[in-house]
Structures are given as C-alpha cells and as structure tokens.
Asks: 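Okay, here's the structure, questions in a sec.
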Amino acid sequence: MIDLRSDTLTRPTEAMRQAMARAEVGDDVYGEDPAVRALEERVAGLFGHEAALFTPTGSMANVLAVGSLVRPGQEVICESSAHIARAELGAHATIGGVTMRTWTGQRGRLDLPAVRRMFAPDMGPFFVPTAAVSVENTHNFAGGAVLPIEDLRDLREWADGVGAGVHLDGARLWNAHVATGTPLVEYGAIATVLAVCLSKGLGAPVGSLMVGGRDAVDEARVRRKRMGGGMRQAGILAAGGLHALDHHVDRLAEDHEHARLLAEACGLDPAEVDTNIVVVERSDATEFVTRAGEEGVRVSVVGPTTVRMVTHLDVSRADAERAAAVLARL
Ligand SMILES: *Cc1c(COP(=O)(O)O)cnc(C)c1O
C-alpha cells in the first residue's frame, strides 16, 4: 500500500531510532533535558528568535503562540480555511477565549486590503479588538501553497504600524523554505511568534515547537504545563527532531518532485503544485478514493468533491511512479 493520506504517517527511520535511543535525557519540566534544550535553542536560532518551546503537537504550539498575542475576548484574523480555524476543533476559543474573523484568499493567500478593512483597534466597550493576524505557510487546505515572502513582509510592516501581532502557522514552513530558497530566518523575521512541526514532512514521530520572544515563551511554558503538556524525558522525542533537522530538510525537494508527478498523472498543471500536497477536484471523490485504495494507493477526501494526496519520506520515487500510474488510469 502506498499511503498518500498525509505526511504525518511517516515512521522514524532506523537512523532516527538510533539517535532517539542514544538521546541524553532529563526531566524537562525541571528544565533539565539536554536534548530538548538543544532542540529549542537550535530552532529558535534558525528563525532568529530568542526562544522556543517543544510541544507534543502543532495544535498545542499554535494555541500557545496565538495565545501569546491574543488575550481572552480579543480576536485573531486568519484565512477562512486556515488550520487554526478549521482543524483545531475550536481550541483557540475553548482554551484561549479567542474569537476569529476570516478572509478568503485565493489558494490561501494573504489579502492585506481585506485584513486592513477588518482590523478593529481597541476602542473600549464596543468592538472585539484585533490583536493579531495569522498566516499559514505552506497552506494545508489550499494544497500546500506557498505564501510569497513579499506579501508576508507587507503584512508585518502594516501590523507593526497598527500594533498587531503576526502569528505564522509554519507546520510545513520547511517545505516553503526548500521550495523557494527563502532562508528560514527571513520567515522568522515576519512573525512575532510562530509554530513549526517536526512530525510532518520532517518525519519525526512526535513534536512541534512554538518560537518567539523570551517572555512569550516563558509564559507559554507555564500554559503548556497547565494544559497537560509538560513532558518529562522528552529528549527521546527531541532527538528525533534534531536528527530530522540534520537529515530530512533538503530532501523535501524530492517530495515536491513526487507531488508534481502525481499532479501530472491527475491531469493537473504540475507547475501549480508548490510543495508536497496535491488537491484534485472530483465529483466522485469518495468513489475515487475507494477505487484508488483497491489498487494499492491510499488518498483522502478533504471535502465533498476534494481529494488530497501528500508525498513524504516513506514514499520513494518508485512508489510515486506506481501511484501516478494508478491515478492516471482512474
Ligand atoms: C498538521 C498541522 C498543524 C498541527 O497539527 P497537529 O496534528 O496538532 O500536530 C498545524 N497547522 C497546519 C497547517 C497543519 O497542517
């Protein structure tokens, strides 16, 4: 079976398991796990921020990151199919007391004029004040679309002017970095706070990080514990992440190439596939998924007429070619 449902399905490689087994660990709630500390310092440095916090999931990293900017009763503005709006099961509302308004961007893009129109300054007891704008790069439900760095720079400049924070959901920011060559530190520079995942394309079994200023991360460390996310000898997991940063970033280019093969097989323009996600519109989406499964290719339905396939570390070139042949036939 070639499993293209998600890049979260990867299993740790033998070398990653070795690195995890060798990890030097301690109690991270006491701040004494060397592997976790090394990972946090390294990732903060990659993005040019002061600090980072290891979390069990990207959703928790996002809740902590958004929560560092948006207080209960305030709002964050985001794109209408953003992961924080659609796929975190109301966490920002139920845990953070955060409300949201959305714009709808073509392929998940930022619409700065719309954001400007929506922005609400704090005027006392009248309107929900806008505390932050959130962007997602790459954009998951827009098919792994890369947001142009120029748009993000414009956003940050405007946000600084009005005193709003910028949250970057960078679950797959590594893919954007590899696809565009934009240095990670430049993505870091447009964000007040960001979240990145190790458990997607990078192939680590568990783990994400919230990245930001020292004070925001210190506060998030307390909130993480309150949410039940204080992990003890988590260095076992952090070591998998460190290994992934050493060995699995540049190879994302292969996943992108494989995604273009799949797109071509489905009759799409491969130039429109930015990274490792291919989204296909099919009126018979559910049946299509069943038939692909019968031929050994697992893909998923993410909307009534939308099929999604994601390439990753456990999909070889030969797998991608075999999957492409099946998809072309269907
Ligand atoms: C996967 C993902 C997350 C985090 O997901 P978890 O399953 O909680 O780790 C956040 N944002 C985006 C865009 C994602 O694709």
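Start at 1 and go down the list; that is how both ligands and their atoms are numbered.
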Asks: How far apart are the C-alpha atoms of His92 and Ile84, what are their side-chain angles, what is the distance that settles it, and do they pass the side-chain contact (heavy atoms from CB on, under 4.5 Å) test?
Replies: CA-CA 8 Å; His92 299 270; Ile84 64 165; 3.7 Å; yes
Asks: Could you establish whether Glu88 and ligand 1 come within less than 4.0 Å of each other, counting only heavy atoms on the residue side?
Replies: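 The answer is yes, since Glu88 has a heavy atom less than 4.0 Å from ligand 1.
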Asks: Taking only Lys NZ, Arg NE, NH1 and NH2, and the carboxylate oxygens of Asp or Glu, determine whether Arg37 and Asp33 approach each other closer than 4.0 Å.
Replies: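 Salt bridge absent between Arg37 and Asp33.
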Asks: Look at Glu75 together with Arg101 and state whether they make a salt bridge at an N to O cut-off of under 4.0 Å.
Replies: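 Answer for the salt bridge query: yes.
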Asks: Strictly under 6.0 Å, is that where the ring centroids of His139 and His83 end up?
Replies: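 No, the ring of His139 stays outside the 6.0 Å limit from the ring of His83, centre to centre.
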Asks: Mind running salt bridge (charged side-chain N to carboxylate O under 4.0 Å, His left out) on Asp255 and Arg260 for me, showing each step along the way?
Replies: CA-CA 9 Å; Asp255 296 344; Arg260 286 191 289 269; over 6 Å; no
Asks: Among all protein non-hydrogen atoms, which one is nearest to atom 14 (C) of ligand 1, and what is the separation to 0.1 Å?
Replies: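 Here the closest protein heavy atom is Lys200 NZ, 2.8 Å.
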Asks: Counting non-hydrogen protein atoms only, what is the nearest one to atom 10 (C) of ligand 1? Give residue, atom name and distance.
Replies: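 That would be His83 ND1, 3.3 Å.
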Asks: Please check if the side chain of Thr182 supplies one atom and the backbone of His177 the other of a donor-acceptor pair under 3.5 Å.
Replies: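 A pair under 3.5 Å: no.
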Asks: Taking NZ, NE, NH1 and NH2 as the nitrogens, is one of them in Glu136 or Arg109 under 4.0 Å from a carboxylate oxygen of the other?
Replies: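 No salt bridge links Glu136 with Arg109.
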Asks: Are Trp174 and Phe47 an aromatic pair by the rule of ring centers under 6.0 Å?
Replies: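 For Trp174 and Phe47, the ring centres are under 6.0 Å apart.
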Asks: Can you sort out which atoms of ligand 1 are near Thr57, meaning under 4.0 Å from one of its heavy atoms?
Replies: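 In order of numbering, the contacting atoms are 8 (O), 9 (O).
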Asks: Using a 4.0 Å heavy-atom cut-off, which part of Ile84 comes near ligand 1: side chain, backbone, both, or neither?
Replies: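 It is neither; nothing of Ile84 touches ligand 1.
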Asks: Would Arg172 count as a contact of ligand 1 if the rule is a heavy atom under 4.0 Å away?
Replies: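 Flag set, Arg172 near ligand 1.
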Asks: Distance to 0.1 Å, residue and atom name: give those for the protein heavy atom nearest to atom 11 (N) of ligand 1.
Replies: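 For atom 11 (N) of ligand 1, the nearest protein heavy atom comes out as Asp169 OD2, 2.7 Å.
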Asks: Which residue and atom name correspond to the protein heavy atom nearest atom 7 (O) of ligand 1, and how close is it?
Replies: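 Ranked first by proximity to atom 7 (O) of ligand 1 is Ser59 OG, 4.5 Å.
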Asks: Among protein heavy atoms, which lies nearest atom 9 (O) of ligand 1, and at what distance?
Replies: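 Looking at atom 9 (O) of ligand 1, the protein heavy atom closest to it is Gly58 N, 2.8 Å.
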Asks: Which of the atoms in ligand 1, numbered in the order shown and given with their element, are less than 4.0 Å from a heavy-atom of Asn62?
Replies: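 Close to Asn62: 10 (C), 11 (N).
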Asks: Measure Glu136 to ligand 1 on non-hydrogen atoms and call it side chain, backbone, both or neither using the 4.0 Å cut-off.
Replies: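 The answer is the side chain of Glu136.
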Asks: Heavy-atom contacts under 4.0 Å between Asn140 and ligand 1: side chain, backbone, both, or neither?
Replies: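 For Asn140, the contact with ligand 1 is made by the side chain alone.
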